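Everything on this sheet refers to the single structure shown next.
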Amino acid sequence: MGFATRAIHAGQEPDPLTGAVNVPIYLTSTYAQEEIGKHKGYEYSRVSNPTRDALEVNMAALEGGTSAHVFASGMAAITALITMLRTGDHVICGENVYGGTPRMFNQIATRYGIEFSYVDTSDPENVRRAIRPTTRLVHIETPTNPLMTITDIRAVADVCHEQGVELSVDNTFLTPYFQRPIEFGADIVMHSTTKFLNGHSDGLGGVLVGTKPEHKETFAFVQKCTGGILSPFECYLILRGVKTLAVRMKQHDESGRKVAEYLAAHPKVSRVYYPGLASHPQHALAQQQASGFGSMIAFETGSLANANAMLKRVKVCTLGESLGGVETLISHPATMTHAAIGEEMRAKLGITDGLVRISVGIEDVEDILADLDQALAAIS
Ligand SMILES: *Cc1c(COP(=O)(O)O)cnc(C)c1O
């Protein structure tokens with residue numbers, strides 16, 4: 001079955017009790033049991049809930065994994081991932097990932113004796129060099145946030161597997177509609193479903209998609225033990241969002257390309273970061289492992305004053321954190337998503353004070369372009 005068909009039907013058989021076409025929101029904490037030890041497969045909603053089950057089956061089907069477990073947010077999913085590890089274990093993480101990821105790793109996980117190295121994973125040799133006897137996990141994002149650097153998933157997976165290390169990929173930016181890391185050897189796929197999967201900026205969520213029986217066992221056990229599960233209502237929102245993922249992503253991609261081309265030609269914009277531009281240094285690799293480029297773009301306005309001048313003026317675009325909604329969201333990484341990593345790290349990565357990130361929505365693209373045009377005119 002094709003992607004759009006799976007998005008609409010996987011895990012979403014009509015309700016056996018009533019025939020309801022939509023998966024009902026099972027708002028229940030507990031389930032009646034017939035006698036001691038005899039029940040319908042559900043005992044308590046921290047452990048399992050039919051609405052959550054439907055979403056988890058759907059997520060595993062879209063990414064091509066064998067199991068999926070959903071959590072209260074993307075960060076809760078990353079935290080669950082780290083609970084697979086023990087004191088003394090070592091993790092290699094891409095150096096340019098979502099800012100909250102290294103914050104959790106460095107300020108919480110290190111307290112439990114887990115060690116982290118940050119490397120530029122766009123060169124798989126950097127990963128090879130960083131592997132230690134204690135390395136258990138490599139965690140990457142491709143494209144990266146916000147500079148849209150691509151990592152060769154297959155090459156990094158090969159390096160990992162030679163050394164018995166697992167690879168997890170945060171696939172939030174492209175979604176399984178455009179990129180399925182498991183097909184390139186990733187062991188685990190992670191998402192903030194808050195973004196494109198849900199797509200309507202109305203709920204948080206996170207997911208871990210696994211490929212091995214121990215992933216299923218471990219992540220189900222983590223849900224039960226730590227309780228950072230996703231509520232039935234938010235599971236429903238994501239199921240609803242995912243039904244239109246294919247059509248939304250097509251439009252995000254089409255408009256993303258137009259906005260990137262517009263920005264690349266604009267005299268006030270000195271640089272555009274978008275893998276869909278032929279000028280992107282990894283344009284060919286992006287085409288190899290993904291079937292589209294999405295709608296995340298970063299661009300250089302030259303200074304904090306220039307960025308602020310334009311960001312104050314936007315009207316169709318909304319200035320705010322987050323991404324992946326139907327509405328165009330625009331943000332300033334240095335003071336927003338990447339404030340926590342510090343000035344020194346930002347300078348090392350190239351996240352300047354003039355850098356602006358845009359998540360192109362699915363409004364009429366002419367309106368988005370006109371809005372950017374009038375906002376960029378504010379730069380002197
Ligand atoms: C937003 C985001 C996260 C964190 O997810 P939350 O749902 O906000 O907790 C992780 N990774 C990426 C790439 C993100 O964009």
Side-chain angles (χ1 to χ4, degrees), residues 55 59 63 68-82 91 93-109 118 121 137-151 153 168-179 181 186 188-209 222 226 228-231 233-235 237-238 241-242 249 252 256 273 275 290 293-298 320-325 327 329-333 336-341 349 351 357-361:
L55 176 62
M59 293 284 102
E63 285 288 0
H69 292 86
V70 292
F71 297 89
S73 67
M75 286 319 304
I78 292 178
T79 304
L81 178 66
I82 292 305
V91 177
C93 180
E95 66 176 0
N96 174 208
V97 295
Y98 177 73
T101 300
R103 180 174 57 201
M104 197 284 285
F105 288 173
N106 297 340
Q107 298 186 46
I108 294 187
Y118 297 90
T121 59
L137 182 73
V138 173
H139 179 75
I140 64 168
E141 270 174 42
T142 180
T144 60
N145 178 15
L147 293 171
M148 306 305 290
T149 307
I150 311 291
T151 289
I153 302 170
S168 71
V169 179
D170 182 334
N171 201 27
T172 300
F173 270 31
L174 285 180
T175 83
Y177 181 70
F178 285 133
Q179 176 173 276
I188 295 165
V189 170
M190 175 258 142
H191 279 274
S192 166
T193 63
T194 310
K195 316 298 168 51
F196 289 99
L197 288 178
N198 183 43
H200 295 73
S201 306
D202 53 7
L204 272 73
V207 65
L208 294 175
V209 180
V222 174
T226 65
I229 45 121
L230 194 62
S231 76
F233 182 71
E234 274 159 321
C235 290
L237 286 179
I238 298 163
V242 163
M249 292 312 288
H252 278 300
Y273 301 85
F293 306 109
S295 70
M296 297 303 300
I297 304 165
E321 306 230 5
S322 202
L323 58 106
E327 59 289 286
L329 292 164
I330 196 160
S331 70
H332 184 245
M336 296 165 87
T337 48
H338 291 68
I341 65 169
L349 297 175
I351 302 173
R357 186 188 78 181
I358 183 165
S359 164
V360 179

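Nothing here was measured: the structure is a model prediction, and the numbers come from that model. In listed order, ligands and their atoms are each counted from 1.
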Which is it for Thr193 and ligand 1 at heavy atoms under 4.0 Å: side chain, backbone, both or neither? neither
Sub-4.0 Å atoms of ligand 1 with respect to non-hydrogen atoms of [X]:
{"X": "Leu323", "value": "15 (O)"}
{"X": "Thr194", "value": "7 (O)"}
{"X": "Glu141", "value": "13 (C)"}
{"X": "Thr172", "value": "12 (C), 13 (C), 15 (O)"}
{"X": "Ser192", "value": "1 (C), 2 (C), 3 (C), 4 (C), 5 (O), 6 (P), 7 (O)"}
{"X": "Gly205", "value": "7 (O)"}

Kindly give the heavy-atom pair with the smallest separation between Asp170 and Thr172, and that separation in Å. OD1-OG1, 2.6 Å
Do you know the tightest heavy-atom contact between Gly203 and Glu234?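 Smallest heavy-atom distance, with atoms named: CA-OE2, 3.8 Å.
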Separation between [atom1] of [X] and [atom2] of [Y], rounded to the nearest 0.5 Å:
{"X": "Phe105", "Y": "Tyr118", "atom1": "CZ", "atom2": "OH", "answer": "6.0 Å"}
{"X": "Asn96", "Y": "Thr149", "atom1": "CG", "atom2": "OG1", "answer": "5.5 Å"}
{"X": "Cys235", "Y": "Ile229", "atom1": "SG", "atom2": "CD1", "answer": "8.0 Å"}
{"X": "Met59", "Y": "Leu197", "atom1": "CE", "atom2": "CG", "answer": "5.0 Å"}

Can you tell me if Thr142 uses its side chain to pair, donor with acceptor, with the backbone of Thr151 under 3.5 Å? yes
[atom] [closest protein heavy-atom partner, distance rounded to 0.1 Å]:
{"atom": "atom 9 (O) of ligand 1", "result": "Met75 N, 2.9 Å"}
{"atom": "atom 8 (O) of ligand 1", "result": "Tyr98 OH, 4.0 Å"}
{"atom": "atom 13 (C) of ligand 1", "result": "Asp170 OD2, 3.4 Å"}
{"atom": "atom 6 (P) of ligand 1", "result": "Gly74 N, 3.3 Å"}

Lys195-ligand 1 polar pair, N/O distance under 3.5 Å: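 The answer is yes, given that Lys195 and ligand 1 share an N or O pair closer than 3.5 Å.
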Looking at side-chain heavy atoms only, is the closest gap between Met75 and Tyr98 below 4.5 Å?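 With C-beta onward as the side chain, the pair touches.
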